Enquirer: 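Just dropping this structure here.
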Amino acid sequence: MKKKKQNKMSKKVVIPAVLALSVSFGGLLPTTSAFAEEQTNVPTVLFQANGLSKQEVVKAFLQSQVAGPKTLSASGDQFKIVNEEADPATGTYHVRTVEQYNGIPIYGSGQTVALDANNNVYASFGKVTQRLARTIIPTKASISKDDSIAIAKEGIEEKIGKVKNYDAIDGELTIYNYQGQDYLTYLVKASTAAPAPGYFHYFVDATNGNVIDSFNAIHEADPVPTTPVIARGLDVNGIMQSFGVIKDTNTGKSLLHGTAVNGTNSVSVNTYDAHRMGENGFIILSGLLGFTGWEVETKTNFFADPAAVSAHTNSIKVNNYYQNIHKRNSLDAKGMPLISTVHIGSKWNNAAWNGKQMLYGDGDGVYFSSLAGGMDVAGHEMTHGVITNSANLTYQDESGAINESLADIFGCLAQMNARGLSSPADWEIGEEIYTPNIPGDGGLRSLSDPRSKSVSAAYGLRDNRYPDHYQDRYLGELDKGGVHINSSINNKAAYLISEGGEHHGVNVTGITRSKTEKIYYRALTKYLTASSGFIDMRNAAIQAARDLYPDKNGQPSAETKTVISAYDAVGVTGQ
Ligand code: TI1
Ligand code: ZN
Ligand code: CA
């Protein structure tokens, strides 16, 4: 009873300094994350429930972050709840919202709000648009949805030629902010198989039919089921692997279609061959439409393509990692199939996630050998799949660097997990496939010491090395704003959290891999949003650490302190 009273008193500190500051700028700028004071003492209550329902609390809290006139009848309710989940482990409740204007969703918007057991808001991430109620965005379309579809078709067919048959095409009214201006658009999404596979997105101005922006995304195809058999094959590293596949009983051929089984969850795992189709074409075609390449087949139950065997078995291992360590059922947490295609392009020195599946190049044999041979590469690409289905971090600038970094972090952790706890730590990424003619030179990037790796002089970085401090970050336009460069700053923070060490004069006490992965997974799936940058990553990791390892007597736990000092060490400091 007494405790309860104290809690009530403490709730008076509704808006801590950090939040108050961001709100005071809020009339002009979008606010960034609202985040409870991390250091000590101040209770982590950003907003009191006051008997409201969870949904009401979330909306009232988000509205409270909007400075000035909150609502205007023309703009309507600004926030729409799109996902809610309880976390039984911590008794907390997590809500995702998107913003809308007059009921029309705003493309790319989103917030996460976390409620404690009393329904009080204790954390929130994601920009809140400040002047929506005062912004005049047209909400009346003067062209029809069908007109917008016709306009999108025209654009698509200019690019890939006459499309006889669209697999799917539809439009939806969406507010799209492009180069600082809000447009009422129809977002037309179109899937094509021929003459080229594609998943096109067209933003057609609903007031005048202009195409504001367009791009291509991706989808997957269905497997063909038959009789299960056990097959084998050598992987890229010369190791014999054994795995279940299906045999087409009519032709007697086995296909590289299997299942990753973990307890009651089972996920389809299908691996295909692009026969060296060009990477650009493949990425576009496969994205939405579902072109996955050609079947990998054998008549003997022995699969003779090492790249296919590696991609296939690595994807099972990475899935096992996410299922066993994070209780995640495949990349979308809903059991989606794991699709990989190997032999993309001619000597393509890369691997990718196209929104739907994994793609692996063969490498040129000098810079990289077959990229399917890197288990951490598979972990990296599959983590992009997890990100697509959680925070959906925008692949550009800071949010892109956080996206790339989480791909590297979980790539490393999944690989270490597969090797077993007793195996030595490995914080190099891509060591199995990088510069095959120079043995022992590690990987493409290093999480333990980013500066041990050189980077192209085109970036103009100090000593042409990957940065390990926020002040050394790359601010140019190459690599989508340095997504593979600045990722190193966050990579180093994750390494320090796990292993500890002194960095730029800050001492960090390591808390183990196992605690590190729990913190980052929680930050990714419960707190980060599409627009999160470095400071949000810091705040999300601290919040996740505090959830998992709570403060005691107003003092952060050792784990939380480690997270704070790791981010201090890489120059990402609480303001
Ligand atoms: S997600 C993918 C980006 C690809 C864009 C091209 C379409 C990516 O980040 N690929 C990894 C592959 C990798 C991963 C290689 C781990 C080695 C180790 C990557 O880092 N690519 C580098 C080469 C890059 O694209 O700059
Ligand atoms: Zn990547
Ligand atoms: Ca590695």
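Atoms within a ligand are numbered from 1 in the order they appear, just like the ligands themselves. Keep in mind it's a predicted model, so treat the numbers as computed, not measured.
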Enquirer: Closer than 4.0 angstrom, basic N to acidic O: yes or no for Asp472 and Arg462?
Expert: yes
Enquirer: Do the rings of His484 and His380 sit parallel, tilted or perpendicular, given the 30° and 60° boundaries?
Expert: parallel
Enquirer: Kindly report the NE2-the Zn ion (ligand 2)-OE2 angle for His384 and Glu404 respectively, rounded to 10°.
Expert: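 About 90°, to the nearest ten degrees.
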Enquirer: Hey, are Glu172 and Lys189 close enough for a salt bridge, meaning a charged N less than 4.0 Å from a carboxylate O?
Expert: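 A salt bridge is absent here (no side-chain N lies under 4.0 Å from a carboxylate O).
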Enquirer: Measure centre to centre between the rings of Tyr202 and Phe215, then say whether the value is under 6.0 Å.
Expert: no
Enquirer: Over 60° means perpendicular and under 30° means parallel, so tell me whether Tyr527 and Phe125 are parallel, tilted or perpendicular.
Expert: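 Rings of Tyr527 and Phe125: tilted, 30 to 60°.
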Enquirer: Whether Lys480 and Asp397 form a salt bridge (side-chain N of Lys/Arg under 4.0 Å from carboxylate O of Asp/Glu) is what I want to check.
Expert: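 Lys480 and Asp397: not salt-bridged.
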Enquirer: Please tabulate, line by line, the atom pairs linking an N/O of ligand 1 to a protein N/O at a distance below 3.5 Å, with the distance in Å to 0.1, or answer 'none'.
Expert:
residue, atom, partner, partner atom, Å
ligand 1, 9 (O), His380, NE2, 3.0
ligand 1, 9 (O), Glu404, OE1, 3.3
ligand 1, 9 (O), Glu404, OE2, 3.0
ligand 1, 9 (O), His484, NE2, 2.6
ligand 1, 10 (N), Asn350, OD1, 3.1
ligand 1, 10 (N), Ala351, O, 3.0
ligand 1, 10 (N), Glu381, OE2, 3.2
ligand 1, 20 (O), Arg445, NH1, 2.8
ligand 1, 20 (O), Arg445, NH2, 2.8
ligand 1, 21 (N), Asn350, OD1, 2.9
ligand 1, 25 (O), Asn350, ND2, 2.9

Enquirer: Using ring centroids (six-membered ring only for Trp), state whether Tyr470 and Tyr567 fall under 6.0 Å.
Expert: no
Enquirer: Does a salt bridge link Glu428 with Lys453, judged by any charged N lying under 4.0 Å from a carboxylate O?
Expert: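 A salt bridge is present here (some side-chain N lies under 4.0 Å from a carboxylate O).
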Enquirer: Could you check, using the six-membered ring where one of them is a Trp, whether Tyr272 and His257 have ring centers closer than 6.0 angstrom?
Expert: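 They qualify: ring centres under 6.0 Å apart.
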Enquirer: Please report the number of protein N, O or S atoms that lie less than 3.0 Å from the Ca ion (ligand 3).
Expert: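 Of the protein's nitrogen, oxygen and sulfur atoms, 6 lie under 3.0 Å from the Ca ion (ligand 3).
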Enquirer: Ring-plane angle category for Phe410 and His326, please: parallel below 30°, perpendicular beyond 60°, tilted otherwise.
Expert: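 Taking His326 first and then Phe410, their aromatic rings stand perpendicular (interplane angle over 60°).
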